[in-house]
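One structure below.
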Amino acid sequence: TAHRSFRVRVYLDAELAIPFVPEAAIIYMSIYPLFLAAPFILRRSAKFVALATTLNMTILIAGICFLLFPAQVGFPPPKNFGMFPNLYYFADKLSLTYNLVPSLHVALSTICIAVFARRTTAVWRILLWVWGAAIAISTLLIHKHHVLDVVTGFALAGIMVRYFYPPCCVYFGNRPMYFKRLNISD
């Protein structure tokens with residue numbers, strides 16, 4: 001998408017008033033520990049592979065959206081990088097400039113949280129959803145995304161958790177030979 005000159009405006013002028021909080025990069029980067037938690041929360045290999053397949057399909061769908069609707073952040077380039085400039089620079093390097101709608105940070109973290117929340121107590125569910133909301137808000141505060149990106153990220157996650165993940169669980173759950181070939185116990 002970086003080589004295309006056409007860009008879709010995905011923000012309202014009012015969004016440009018969202019403050020830049022570079023320290024929110026800590027929360028933005030917390031998506032990676034969320035991924036690392038998957039094998040410890042999803043103990044059955046069929047559920048783990050179903051989640052991985054769902055996340056991969058989400059990335060594919062988002063990639064198609066990025067190509068169809070190339071967008072550009074409307075925020076001006078930041079000047080002050082806060083208390084953790086290296087963390088902000090690292091987060092900036094990991095995120096691609098024109099891949100906005102939907103927000104993959106929001107979609108992927110929401111899918112993980114929705115799947116993990118089914119396997120936890122009420123207190124942990126609340127904490128997981130607060131973490132997910134914080135990740136979504138952090139995408140706005142470090143000026144990597146706009147409101148439309150966040151909303152479409154949640155929508156994509158909802159669709160994938162509702163319509164794609166459950167059939168994947170059934171598919172991989174009915175194929176124990178698949179896991180034996182991969183030398184994975186279930």
Within this structure, what is the CG-SG distance for the pair Leu55 and Cys112, rounded to the nearest 0.5 Å? 4.5 Å
In Å and rounded to the nearest 0.5 Å, what is the CD1 to CG distance from Ile61 to Asn56? 11.0 Å
Which pair of non-hydrogen atoms, one from Phe20 and one from His143, has the smallest distance, and what is that distance? CB-CE1, 3.4 Å
Show which side-chain atoms of residues 150-166 pair as donor or acceptor with protein atoms under 3.5 Å away, not counting sequence neighbours.
{"unit_1": "Thr152", "atom_1": "OG1", "unit_2": "Leu148", "atom_2": "O", "d": "2.9"}
{"unit_1": "Thr152", "atom_1": "OG1", "unit_2": "Asp149", "atom_2": "O", "d": "3.1"}

Using the rule that two of Ile, Leu, Val, Met, Phe, Trp, Tyr join whenever any of their side-chain heavy atoms come within less than 4.5 Å, decide whether Ile64 and Leu100 are in one cluster. yes
pair Thr53-Tyr171: side-chain heavy atoms closer than 4.5 Å: no
Only counting residues at least two apart or in another chain, list the ones meeting side chain to side chain contact (heavy atoms under 4.5 Å, CB included) with Ala38. Phe48, Leu51, Phe116
Who else is in the cluster with Val123 when I, L, V, M, F, W and Y are joined by side-chain contacts under 4.5 Å? Trp124, Leu127
For His105, the ring-ring contact (aromatic ring centres under 6.0 Å, His included) test, sequence neighbours excluded, returns Tyr28
Can you list the residues that meet the side chain to side chain donor-acceptor pair (under 3.5 Å) rule with Asn80, with sequence neighbours excluded? none
Do the side chains of Val73 and Leu68 join up, straight or via other hydrophobic residues, at under 4.5 Å, putting them in one cluster? yes
Quick check: closest heavy atoms across Trp131 and Ser30, and the distance to 0.1 Å? NE1-OG, 2.7 Å
Any idea which heavy atoms bring Cys168 and Thr54 closest together, and the distance? SG-OG1, 4.3 Å
Can you see which heavy atom on Leu104 is nearest to which on Ala62, and at what distance? CD2-CB, 3.6 Å
Decide yes or no for Leu128 and Thr120: does some side-chain heavy atom of the first lie under 4.5 Å from some side-chain heavy atom of the second? yes
Pro102 versus Thr58: any side-chain heavy-atom pair under 4.5 Å? no
Determine, using the 4.5 Å side-chain heavy-atom cutoff (strictly less than), whether Ile41 and Val130 are members of one ILVMFWY cluster. no
Within this structure, what is the CD1-CG distance for the pair Ile59 and Asn99, rounded to the nearest 0.5 Å? 11.0 Å
Is there a path of hydrophobic side-chain contacts, each under 4.5 Å between heavy atoms of I, L, V, M, F, W or Y residues, that connects Ile18 with Leu16? yes
With rounding to the nearest 0.5 angstrom, report the CZ to NE2 distance, Phe75 to His145. 10.5 Å
Kindly give the heavy-atom pair with the smallest separation between Leu140 and Val147, and that separation in Å. CD2-N, 3.7 Å
Considering all heavy atoms, the nearest Ala117-Arg125 contact: O-CG, 3.1 Å
Taking the side chain as everything from C-beta on, heavy atoms only, tell me whether Phe35 gets closer than 4.5 Å to Ser109. no
Is the closest side-chain heavy-atom distance between Val106 and Ile135 below 4.5 Å? no
Using the rule that Ile, Leu, Val, Met, Phe, Trp and Tyr join whenever any side-chain heavy atoms are under 4.5 Å apart, tell me whether Leu36 and Ile113 fall into a single cluster. no
What residues, two or more places apart in sequence or in another chain, satisfy side chain to side chain donor-acceptor pair (under 3.5 Å) together with Glu15? His146
